[in-house]
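So the structure is just underneath, and the comments pick up after that.
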Amino acid sequence: MSEGKVNKDSSKPNKTADSAKEPAKKGGTKKFKMDLNARNSLKGLVFVSPFIVGIIAFFVYPICLSIRLSVAESVAIVGMQVQGFTVDNFVRAFVVDTTFLPTFATAVKQTLTQFPLTIVLSLIIAVLLNRDIKCRGLFRVIFFIPFLLGSGEVMQQLLNQGVDRTVLNVMDGRLIPYNVLSYFGDTVMEVVQNVMGVLVTVLWGSGVQILLFLSGLQGISPSLYEAAKIDGATEWEIFWKVTIPMISPMMLLNIVYTVVNSFTNISNPLLEYIQGYGFDKAEFAYGAAMGWIYFAFIGVLVGIIFAAMKGFMHTNEVEEVKKRERKHRVFTIEKAPKRTFD
């Protein structure tokens, strides 16, 4: 009898062993799945990977080498062998070199003169091009083509030939009669030519700003303008109370882009001065030091712009409500009522 029972028990399948094996099989055939956020992040990484590879391959090493050159005591031209550490190159720029600071001031003055005009004129042109007019697409192309054609060395050659100062001659007295200018004298004539030259240069390079402002204007909901008109707002009030706040993020982007572009423009006298020391005179250490001083100034200026415009940035209604709740939130601690037992 006992042997029979043993045989019956042995003939039964071992369910515990089979159940332990089943999860292992399922786990081995499980496929790797990504959620929506992970897939979107992977797609974005694939799209920006050429830029990341380009930065690592062509920018990281030159930047590190430039920093090393700026604090080098001596640099051998053959093989670019750098020796020693010193800050004399930075001291030389501020104390010894009598041309660096005046050239620096000229570059800053030129930038601070042109970039407000660029922002204002770009915004005005973008507002006009955003209206329902005929051939609107053609006008947009016309304002952007000069930016494509007159950039870099092409723009430098045009400026060397005095294209920006010959506007009055091209207009042949139609813009401002020659008799009027000759009546005021050569000084006024020179001032008017300089002003017209600045306007030509600004309009020549404002294609990107116009497109950025256009994208911001087209993102404004028409219902906001309709609500403002129903409330009795004029066009001037709508512009300052609706348009400007709604495009404030694009305004910040345009200001930063214009400032950086003006400081790195090929017509900038300081860049020519640094390039002369770095390549013509082969003083790589001093040229790198001046370049990093210039870079630090631009970085500080951009930081000041961000800090100044931080309080004027428009956000959506949800974020505005959250800001107000955080600002007016009052924390109170209430004692829990004592429980009484009858």
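The aromatic rings of Trp236 and Trp240 lie perpendicular to each other, with more than 60° between the two planes, well past the 30° mark. Ring orientation note: the planes of Tyr273 and Phe100 are tilted relative to one another, at an angle of 30° to 60°.
A 4.5 Å side-chain heavy-atom check between Thr106 and Lys109 finds every atom pair outside the cut-off. Side-chain contact between Phe115 and Asn261 is absent, with no heavy atoms from C-beta onward closer than 4.5 Å. Residues Phe213 and Val127 have side chains not in contact (no heavy-atom distance under 4.5 Å, counting atoms from C-beta outward).
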Exercise. Please assess Tyr286 against Val96 for the test side chain to side chain contact (heavy atoms under 4.5 Å, CB included), listing each intermediate value before the final yes or no.
Key: CA-CA 12 Å; Tyr286 184 52; Val96 180; over 6 Å; no

Quiz prompt | side chain to side chain contact (heavy atoms under 4.5 Å, CB included) assessment of Met246 paired with Met251 | solution = CA-CA 9 Å; Met246 292 298 295; Met251 180 78 72; over 6 Å; no

Practice problem: Evaluate the criterion side chain to side chain contact (heavy atoms under 4.5 Å, CB included) for residue pair Thr103 and Glu272; output intermediate values, then yes/no. | Solution: CA-CA 10 Å; Thr103 308; Glu272 296 180 359; over 6 Å; no

Exercise. Give the intermediate values and the outcome of side chain to side chain contact (heavy atoms under 4.5 Å, CB included) for residues Leu45 and Ile52.
Key: CA-CA 9 Å; Leu45 184 61; Ile52 296 175; 4.2 Å; yes

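Side-chain atoms of Ser122 do not come within 3.5 Å of backbone N or O of Ile119 as any donor-acceptor pair. Listed for the Asn130 side chain is no donor-acceptor partner under 3.5 Å among the backbone atoms of Ala126. Ser66 places no side-chain N or O within donor-acceptor distance of the main-chain N or O of Ile63, the cut-off being under 3.5 Å.
Note that the OG atom of Ser206 and the CG atom of Leu123 stand 11.5 Å from one another [nearest 0.5 Å]. Rounded to the nearest 0.5 Å, atoms CG (Leu69) and CG (Asn89) are 9.5 Å apart. The OH atom of Tyr225 sits 9.0 Å away from the CZ atom of Phe239 when rounded to the nearest 0.5 Å. Atoms CZ and CG, from Phe284 and Leu65 in turn, are 10.0 Å apart once rounded to the nearest 0.5 Å. We find the CD1-CD1 distance between Ile124 and Ile210 to be 10.5 Å, quoted to the nearest 0.5 Å. Here CG of Leu101 is found 10.0 Å from CG of Leu270. Values are rounded to the nearest 0.5 Å.
Side-chain heavy atoms closer than 4.5 Å link hydrophobic residues (I, L, V, M, F, W, Y) into clusters, and following such links, possibly through other members, connects Ile238 to Ile244. In terms of hydrophobic clustering, with Ile, Leu, Val, Met, Phe, Trp and Tyr side chains grouped at heavy-atom distances under 4.5 Å, Leu129 and Val120 are assigned to different clusters. Hydrophobic clustering keeps Ile56 apart from Tyr61 (ILVMFWY residues linked when any side-chain heavy atoms are closer than 4.5 Å, directly or through intermediates). Hydrophobic clustering, with ILVMFWY side chains joined whenever heavy atoms are under 4.5 angstrom apart, groups Val60 together with Phe51. The same ILVMFWY cluster, assembled from side-chain heavy atoms under 4.5 Å apart, contains both Phe306 and Leu301.
Thr258 and Gln209 share a side-chain donor-acceptor pair at under 3.5 Å.
Across all their heavy atoms, Ile293 and Ala93 have their closest contact at CD1-CB, 3.8 Å. Taking all atoms of both residues into account, the shortest heavy-atom contact from Met309 to Ser248 is CE-O, 4.4 Å. Counting all heavy atoms, side chain and backbone alike, Ala107 lies closest to Asn268 at CB-OD1, 3.1 Å. The two residues Ala72 and Thr86 have their closest heavy-atom pair at O-CG2, 3.6 Å. Across every non-hydrogen atom of Ile247 and Ile220, the tightest pair is CG2-CD1, 3.8 Å. Between Tyr294 and Phe263, the closest heavy-atom pair is OH-O, 2.7 Å.
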